[in-house]
J.: 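The structure's right below; bear with me while I get my questions together.
Below, chains carry the letters A, B, ... as their sequence lines are ordered, and counting in each starts from 1.
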Amino acid sequence: MEYNFRQLEQKWQLYWKENSIYKTTENPSKPKYYVLDMFPYPSGAGLHVGHPLGYIASDIFSRYKRLQGFNVLHPMGYDAYGLPAEQYAIQTGQHPAVTTKINIARYREQLEKIGFCYDWDREIRTCEPDYYHWTQWVFIKMFNHYFDTKHQKAQSIELLVKMFETSGTEGISTNCTEELSFTAQEWNSKSEKEQQEILLNYRIAYLADLKVNWCPELGTVLANDEVSEGVSVRGGHPVEQRVMRQWSLRVSAYAQRLLDGLQTVDWTDSLKETQKNWIGRSEGAEMNFKLSQGELEVFTTRADTIYGVTFMVLAPESDYVKICTTPEQAAAVEAYIAATKKRTERERIADRRVTGVFSGSYAINPVSGTEIPVWISDYVLAGYGTGAIMAVPAHDSRDYAFAKHFGLDIIPLIEGCDVSEQSLDAKEGIMKNSGFLNGLTVKEAIAAAKKYIAENGIGRVKVNYRLRDAIFSRQRYWGEPFPVYYKAGLPYMLDESKLPLELPEVDKFLPTEKGEPPLGRAKGWEVEGFPLELNTMPGFAGSSAYYLRYMDPKNDKALVSPEANQYWRNVDLYIGGTEHATGHLIYSRFWNKFLFDLGIVCEEEPFKKLINQGMIQGRSNFVYRIIFIINDGRRFELFLSYKFYNEIKNNILYPFPLLFESWFSTLNSEIKIQFGENYLIDNGIDVESYFTLSKKIREKSLDETVNEIFQEDLNIDLLPFEVIVQNIHCDVNIVSNDVLDIEKFKAWRPEFADAEFILEDGKYICGWAVEKMSKSMYNVVNPDDIVEKYGADTLRLYEMFLGPLEQSKPWDTNGIDGVHRFLKKLWSLFYKDDNLLVNNDLPTAEELKTLHKTIKKITFDIENFSYNTSVSAFMICVNELFTLKCNKKAILEPLTILLASFAPHIAEELYHILGNETTVCDAVFPVCNEEYLVESSIKYPISFNGKVRFMLELPADMPKEEVEKTAMCNEQTIKQLAGASPKKIIVVPGKIVNIVM
RNA sequence: GCCCGGAUGGUGGAAUGGUAGACACGAAGGACUUAAAAUCCUUUGGCUUCACGGCUGUGCGGGUUCAAGUCCCGCUUCGGGUACCA
């Protein structure tokens, strides 16, 4: 019987499905383990081989845990709302629900082929009403809660209203958009509308006029993590700043808890670091600077530099601008602000020119008492701190650039520092020019200055975070509708019993004539005569709590039942890409903490352990086309094999003579064979002049020749053609081991149908490069094709074999034969032709050693996610058993179970061949018995000055002194020493002997 | 600029401070075959030697150590994150 992977994989996939092998239920008698893959967005392009990398890794771990007796939850579903489906709908008129459904079906089909152990009964889709019901429900909860900073916890908004009614804002501690202050009496005398408007200032889901990232091309706003370098992450469209009334989530309220929580999770340091930076906690002081009218409040982390403040800077959007601008400067300030508004964020980033304008006012330094000018510049951000800074040009490079540009004073504050060329930003040195801080180190000075400021009522110690609230409105169709209606312009939540609020139909997926979002087109989009919200929720809405829904996916009474949540608690292992480091992984932690505050979930952190799989890059292939354009306008094209292209490339300055050289010396025969004796003549190339030129080249150095050609000696007209050399991406699927399949290439694109080639050794060798895997580079490899050709088990093993899980690496289908051969070799331990070889003989010590060595290695590797080395270990094991001609059940059965996590189909088949009638998934994972690994002798490397000279086999239990003695008496040692006496002898028992001479 | 992570044969990669290059691909040679495929065997870092062997070798320059790919210091370079965050 042959290893017929096609038939065998199909058979077992069907068996697993029909017998619900992967169905999971809450089973209190077993310990739970929750393994999660990052939610895929079902794109129209389907999966490429990069996608399943993490899924295979998590699948191996899930199966391993199950074999170890855990009740494993390993679900899969789809992040089904999203921009691409909507963009596609705009272009084609096809409803996004339709295309999404098709894409999901394709994903499902592709995933099923790979043999994952997903419990498909738990599949969820964010675009389905039973799912987004709970997205909307959480939103209502967020609207009805505020964040109590004192208790660091979400609290019911009713509690806040009660406090307002009894004591106003007196003594409250909340996170809010704007600090407000009113008495109980004032509150109670306000109208309902006024009260609602005030409450928005405190709600965790709130509506506010915010400066947002507006992307005109996409016609929507974007969250900070959806914008990079001033353009949208999806599509690369420009983004500009605009003030709009938008829903937002008060993520920033949770900044400290999000930061603290990082200490409790088992994530990589680099990922934690990225989140830390994104949260951006900085401790400093808020200080007040007196103006002739009013005060300026600034935030600084360098209170120690207070004596070096020579000017103040306001953000153009700051409210302080109005206060500070004097009538004389009004026109200049207005012009400056108008100019800044026009620039998109991208322009501001790209163009680092120093710009600014003087406001006309002066402020008083509260410590030194000096008078300093107040400027306005866009290098100060309105959204951070107070939107105003104290500038210390000597010790801040941005302030320095500004001061130099506008000729402002620079006062150095550190002993011995030179600020004539640049500022000294480092926090080190001894203070000078700083009054009471003189002589202190910077660190001491920071503390002393803070203390001084607090004690003298100049300001207070303050912590700031870079983390912004998440803008939650999208002017889009394909997303969750908000459960919100408007009464007199104020938002109200639908009653929970009305959920889900289903996405309505529209005639077109475009904004209305009035510029409203697409939902403005929906008929009857209102409740009891009140209009419903026209925005929809962003992509991260549906993906922020999906891991909870998997615990109880069909529940129509709750997001997740307390029982299911108590059992599954949180994700034990989460595998996914780093691209979610600042988006999804912040939002879902925030979301989870909010639900934790409400007592809906029992764990504060959603993802205990997180592994980032590396990206699979593409490996592109190139063909090289050389085009000759003859003076008379005719052109010839030839495809050069890599070797010849390389010659030309290495001498790019000299294409003409070199090309000719290589034609005549290297390629002449090939040209004759390929194109006939008279190729050059037939093509109107002046053979005579070429011979002359060629002769000249051979006689002189290349440099000389080129000089001649391009200067005076030879007329440039002598060269009858122009040469263009191109490297063209070529579909990797028609290339094998860099050898081009010429027939397939000709059929690939019509323009290549008549292509002609210069070959090396009868083959066309392509060039290659590692690039992003993308359609445009023709380097996309589809897992379906691999499964078809080699089988799912080979694909799974090969993806793991490529290299360490967490590292980025290029996909190169070359090499897959190795793992496929391994499976065939394993099979050959069971069958030769149609004869089953397996017997019940007792295993030898050597065979047991091979097996148990492998058990030990595989167990260790799985626990450490070092899957590439486990595949190697399997290969070594099978190679050894093959050499030993071992066909014993006692060895092969445990090996089959070991392999079952990696290659489940073949393992299931072999397990049944061995006489088992239940699934290998429920076998017991073998345990290593160290007794079999004990060695009786050790081959000691004997080294001299660290260099190994020979090996010496000695009994394993030989004591150190004996080893030394035996080694020293050895004749090879005596030979190496050549009469010299060793200075020192180092013996590491069981390891090595080193003799120092 | 700042913060992370890398750099080992033709290629992917392996190596608790203890024989660098496991395992695999590719390549070369051989066996089987009418032939091909498949399979099996041998060789395969570089230089050198008829050979035994020798020298050299983990991006570069130093250092610690009996012993460094691995630890320390200083560079070069390639990825990734972040970008006026006061």
J.: In whole Å, what is the span from the CD1 atom of A:I995 to the P atom of B:rU65?
T.: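 Taking atom P of B:rU65 as the reference, CD1 of A:I995 is at 21 Å.
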J.: Using a heavy-atom cut-off of 4.0 Å across all strands, would you classify A:V996 as base, sugar-phosphate, or nothing?
T.: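 Sugar-phosphate contact only.
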J.: Contact class for A:K947 (heavy atom, under 4.0 Å): base, sugar-phosphate, or nothing?
T.: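 The residue A:K947 makes sugar-phosphate contact but no base contact.
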J.: Can you measure A:H580 atom NE2 to B:rG81 atom C1' for me and round it to whole angstrom units?
T.: 15 Å
J.: Say we look at B:rC60 and B:rC78: how far apart would their C1' atoms be, to the nearest angstrom?
T.: 15 Å
J.: Provide the distance between the two C1' atoms, one in B:rA20 and one in B:rG9, to the nearest whole Å.
T.: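 After rounding to an integer number of Å, I get 11 Å for this pair.
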J.: Which one, B:rC40, B:rG18, B:rG81, comes nearest to the side chain of A:F882?
T.: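 Closest nucleotide to the A:F882 side chain: B:rC40.
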J.: By the 4.0 Å heavy-atom rule, please label A:N994 as base, sugar-phosphate, or nothing.
T.: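 Since a base atom lies under 4.0 Å of A:N994, the category is base.
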J.: A:K824 side chain: which of B:rC66, B:rU19, B:rA38 is closest?
T.: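 So the side chain of A:K824 is nearest to B:rA38.
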J.: What's the gap between B:rG61 and B:rA51 when it is taken at their P atoms, as a whole Å value?
T.: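 One P to the other, the span is 32 Å.
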J.: Could you state the CG-P distance from A:N612 to B:rC4, rounded to the nearest angstrom?
T.: 17 Å
J.: Expressed as a whole number of Å, how far does the C1' atom of B:rU34 sit from that of B:rA24?
T.: 34 Å
J.: How far does the P atom of B:rG10 sit from the matching atom of B:rU48, given to the nearest Å?
T.: 16 Å
J.: Choose from B:rA86, B:rG81, B:rC3 the nucleotide whose nearest atom is closest to any side-chain atom of A:L381.
T.: B:rA86
J.: To the nearest Å, how far apart are A:Y384 OH and B:rU82 P?
T.: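 Roughly 18 Å, once rounded to whole Å.
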J.: Starting at CE of A:M390 and ending at P of B:rA86, how long is that distance when rounded to a whole Å?
T.: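 From A:M390 CE to B:rA86 P: 13 Å.
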J.: Contact class for A:S282 (heavy atom, under 4.0 Å): base, sugar-phosphate, or nothing?
T.: sugar-phosphate
J.: Can you check whether A:L610 reaches A:T268 side chain to side chain, under 4.5 Å on heavy atoms?
T.: no
J.: Can you confirm if the NZ or CZ of A:R466 lies within 45° of the ring axis of A:W278 and under 6.0 Å from the centre of its six-membered ring?
T.: yes
J.: Heavy atoms only, 4.0 Å cut-off, all strands: where does A:I876 land among base, sugar-phosphate and nothing?
T.: sugar-phosphate
J.: CD1 of A:I816 versus P of B:rG26: gap in Å, rounded?
T.: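 In whole Å, B:rG26 P lies 12 Å from A:I816 CD1.
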J.: Quick check: closest heavy atoms across A:N779 and A:G618, and the distance to 0.1 Å?
T.: ND2-CA, 3.7 Å
J.: Which one, B:rC84, B:rU82, B:rC23, comes nearest to the side chain of A:Y379?
T.: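 For the A:Y379 side chain, the nearest candidate turns out to be B:rC84.
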J.: Reckon A:M951 touches a base, only the sugar-phosphate, or nothing at all at heavy-atom distances under 4.0 Å?
T.: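 Answer is base: heavy atoms of A:M951 come under 4.0 Å of a base.
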J.: Establish, yes or no, whether a centroid distance under 6.0 Å links the rings of A:F402 and A:F311.
T.: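 Distance test on ring centres: under 6.0 Å, yes.
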J.: Pick out the pairs of N or O atoms, protein on one side and nucleotides 7-15 of chain B on the other, that lie under 3.5 Å.
T.:
from   : atom 1 : to     : atom 2 : distance (Å)
B:rG12 : O2'    : A:L802 : O      : 2.5
B:rG13 : O3'    : A:N868 : ND2    : 3.3
B:rA14 : OP1    : A:N868 : ND2    : 2.9

J.: Give me the atom names and distance for the closest heavy-atom approach of A:T305 to A:H395.
T.: CG2-CB, 4.5 Å
J.: Tell me whether the guanidinium CZ or amine NZ of A:K825 lies under 6.0 angstrom from the six-membered ring centre of A:F882 and within 45° of its axis.
T.: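 That pair qualifies as a cation-pi contact.
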J.: Side chain of A:R949, heavy atoms from C-beta onward: which of B:rA83, B:rU19, B:rG54 has the nearest atom to it?
T.: B:rG54
J.: Rounding to the closest angstrom, what is the interatomic distance between B:rU19 and B:rC71 at atom P?
T.: 16 Å
J.: Mind checking the C1' distance from B:rA7 to B:rU70? Whole angstroms is fine.
T.: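 Looking at atom C1' only, B:rA7 and B:rU70 are 14 Å apart.
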J.: Can a side chain N or O of A:N879 be found less than 4.0 Å away from OP1 or OP2 on B:rA24?
T.: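 True: A:N879 side-chain N/O within range (under 4.0 Å) of B:rA24 OP1/OP2.
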J.: Looking only at atom C1', what distance separates B:rU39 and B:rC32, rounded to whole Å?
T.: 9 Å
J.: As a test of reading the structure: which of B:rC3, B:rA83, B:rC25 is closest to the side chain of A:N814, going by heavy atoms?
T.: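 Shortest atom-to-atom distance from the side chain points to B:rC25.
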J.: Where the side chain of A:M875 is defined as all heavy atoms beyond and including C-beta, which of B:rU82, B:rC4, B:rA24 is the nearest nucleotide?
T.: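 Closest nucleotide among those given: B:rA24.
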J.: Whole angstrom is fine here: how far is it from CZ in A:F874 over to C1' in B:rC23?
T.: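 My rounded result for the distance is 14 Å.
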J.: What stems show up for RNA chain B when you take Watson-Crick pairs (N1-N3 plus N6-O4 or O6-N4) and G-U wobbles (N1-O2, O6-N3), both under 3.5 Å, and require three or more consecutive pairs?
T.: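 Paired runs of 3+ in RNA chain B: B:1-7 with B:76-82, B:10-12 with B:23-25, B:26-31 with B:39-44, B:45-48 with B:53-56, B:59-63 with B:71-75.
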J.: Round to a whole Å and report the spacing from CD of A:Q972 to C1' of B:rU19.
T.: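 My rounded result for the distance is 15 Å.
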